[in-house]
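Beneath this line is the structure, given in structure tokens, with notes to follow.
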Amino acid sequence: MSAREQAPAARLHIDWTRCDARGSCIELLAGRLVADEWGYPSAPGMNAAEQSDVPLRADELDAGRDAVELCPRLALTLRAPRS
Amino acid sequence: MTIAPDATPQLRSASSIRLLTTIGHPGWATHLAAFGPVPERATGLVDMLRDAGLVGHGGAAFPVWQKIASLAGAPAAIIANAAEGEPLSSKDAVLLANAPQLVLDGLLVLAGSLAPRAKLLLYVNPLSLDAAERAVAERPDGHRIRVTAAADGFVAGEVSAVVDALSGGRGLPRDHPYHLTQKGLKGKPTLVFNVETLAHLALIARYGAAWFRSTGTPDDPGTRLITVSGMGIAPHVREVGGGTTLSGVIAACGLAETSVQAVLVGGYHGVWVEPSGFPRPLTARAARGTTGVGAGVVHLLGRHECGIAASSTILRYLASQSAAQCGPCLFGLPTLSGAFDEVTMGRGRGGDVLQRMLSTLPGRGACHHPDGTVRFAASALGVFAEEVTAHRSGRCRAAAGGRR
Ligand code: SF4
Ligand code: SF4
């Protein structure tokens, strides 16, 4: 089931000025993020606004927290879902 | 237009010349004679702005009253933005050269009405620095306003870049997960308005919402400044009433509509409009049956010009203007520009790369530069599709001298 069909539990915010395409978030959130040709995360099927604030389902929250912790560039934050 | 010595001291006409009333006479005395003093504070200003229907003139066309209503607290700073990084726009420079006091009025009446202790900042393109400083020095309450020269570049006017510069940074867009009305300059609620927006606001504070609506249309009230260029006409700024059409602008330039192949509306982040769209009204934001004019750029392309070549040049420029902070923008825009050339200039390959850039770049940057660039590229591909086909068989409108 996609995040669209289910109310998202959180948003993963990407600070693109920090992201350096190291890719650990892409591995941790393999169902949600893919790498573009330069290794930067991209959220297929999501609209433009959701590319920087990727909606996560409840069952993706743990992986989201890990991604935030492990991002070597401190580019990620978890935010409340858009109301 | 000059002001006659016996002119009534208040501008009350419904004409579409408002901001440029004092054209050629930017001085304080002329300003007071033309408009009278701005109130120190305007009670019910936010309601008045809502009733007037004033929206921002910097490009995003966001309702002014709504921006004020979204403040998390009294604004710590109010910023007038005239960075004007768009190469096809000079309306802010023309406004500051001819009616700078209206802009300063706008800052002061906003402060007086919302936050008397707010910092008042004017962020101007270096070309307008002298005019801005002269205007501030000339008025008795000018000491309250600090003028700063804007950074260079296309994205310098992006609001988070403005705040970055005024915080001592290099003037580049910043990641801003919160609206500036929540956390802006030094983390405090901040208002940023385009200078033209403030000039309109200063007139509404004087004359009210009904006066503002006495020109333009119900959906697009008041006037706007537009910068017209292309087809060999000298680039110039006009003040037009809301709801003006491209047909009207073309006629006002003394050109035949049939000589115009397409019009770039809204600047380098805007869209090309075909002749079938010329009779549609230009409105702040695109709606059904209208063309969104954003910050007021109208650039004409003649029948004998190649729209693909023109678009290719603009795309290359936009790629060069990436602030090189965000990977998808830094790498993606040159790739988009290269693939656009491959596909449209007859070499043919790169269609999949082009499609991938168009669909994956939007939203993946700290500012909307990738989004605007993709919108422009997509519009060029749509409007000049026939030209692309012609290029494939080795023909070009520019070389062929007009319509085939
Ligand atoms: S882990 Fe951090 S630096 Fe690496 S791709 Fe993800 S956001 Fe970018
Ligand atoms: S999206 Fe591009 S222009 Fe905007 S901040 Fe990032 S690199 Fe700079």
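Quick note on labels: first sequence line is chain A, next is B, and so on, each numbered from 1.
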*Do the charged groups of B:Arg364 and A:Asp36 touch, with an N to O distance under 4.0 Å?*
yes

*Give me the ring orientation class for B:Phe331 and A:Tyr40: parallel if the planes are under 30° apart, tilted from 30 to 60°, perpendicular past 60°.*
tilted

*Can you tell which of B:Pro362, B:Pro173, B:Pro177 has the highest number of heavy-atom pairs within less than 4.5 Å of chain A?*
B:Pro177

*Over 12 foreign heavy atoms within 6.0 Å of CD, A:Glu37*: yes

*B:Gly365 and A:Ser52: which non-hydrogen atoms are nearest, and at how many Å?*
O-OG, 4.0 Å

_Gap separating the NE2 atom of B:His176 from the CG atom of A:Asp15, nearest 0.5 angstrom_ = 11.0 Å

*asked:* A quick test of your reading: do over 12 heavy atoms of other residues, nucleotides or ligands sit less than 6.0 Å from NZ of B:Lys67?
replied: yes

*Based on non-hydrogen pairs under 4.5 Å, which of B:Gly327, B:Gly332, B:Pro370, B:Ala366 is most in contact with chain A?*
B:Gly327

*Is the backbone N or O of B:Asp175 less than 3.5 Å from a side-chain atom of A:Arg18, with the two atoms forming a donor-acceptor pair by type?*
no

_With a 4.5 angstrom heavy-atom cut-off, is it the side chain or the backbone of B:Ser359 that approaches chain A, or both, or neither?_
neither

*Portion of A:Pro41 that has a non-hydrogen atom of chain B nearer than 4.5 angstrom*: backbone

*Answer yes or no: is there a side-chain heavy-atom contact under 4.5 Å between B:Cys329 and A:Trp16?*
no

*In terms of heavy-atom pairs under 4.5 Å, which option from B:Leu172, B:Val374, B:Thr360, B:Thr335 contacts chain A the most?*
B:Thr335

*How many angstroms lie between atom NE2 of A:His13 and atom OH of B:Tyr178, to the nearest 0.5 angstrom?*
9.0 Å

*Roughly how far, to the nearest 0.5 Å, is CG of B:Asp371 from CD of A:Gln51?*
9.5 Å

*Hey, is CG on B:Asp152 packed in by over 12 heavy atoms from elsewhere, all under 6.0 Å?*
no

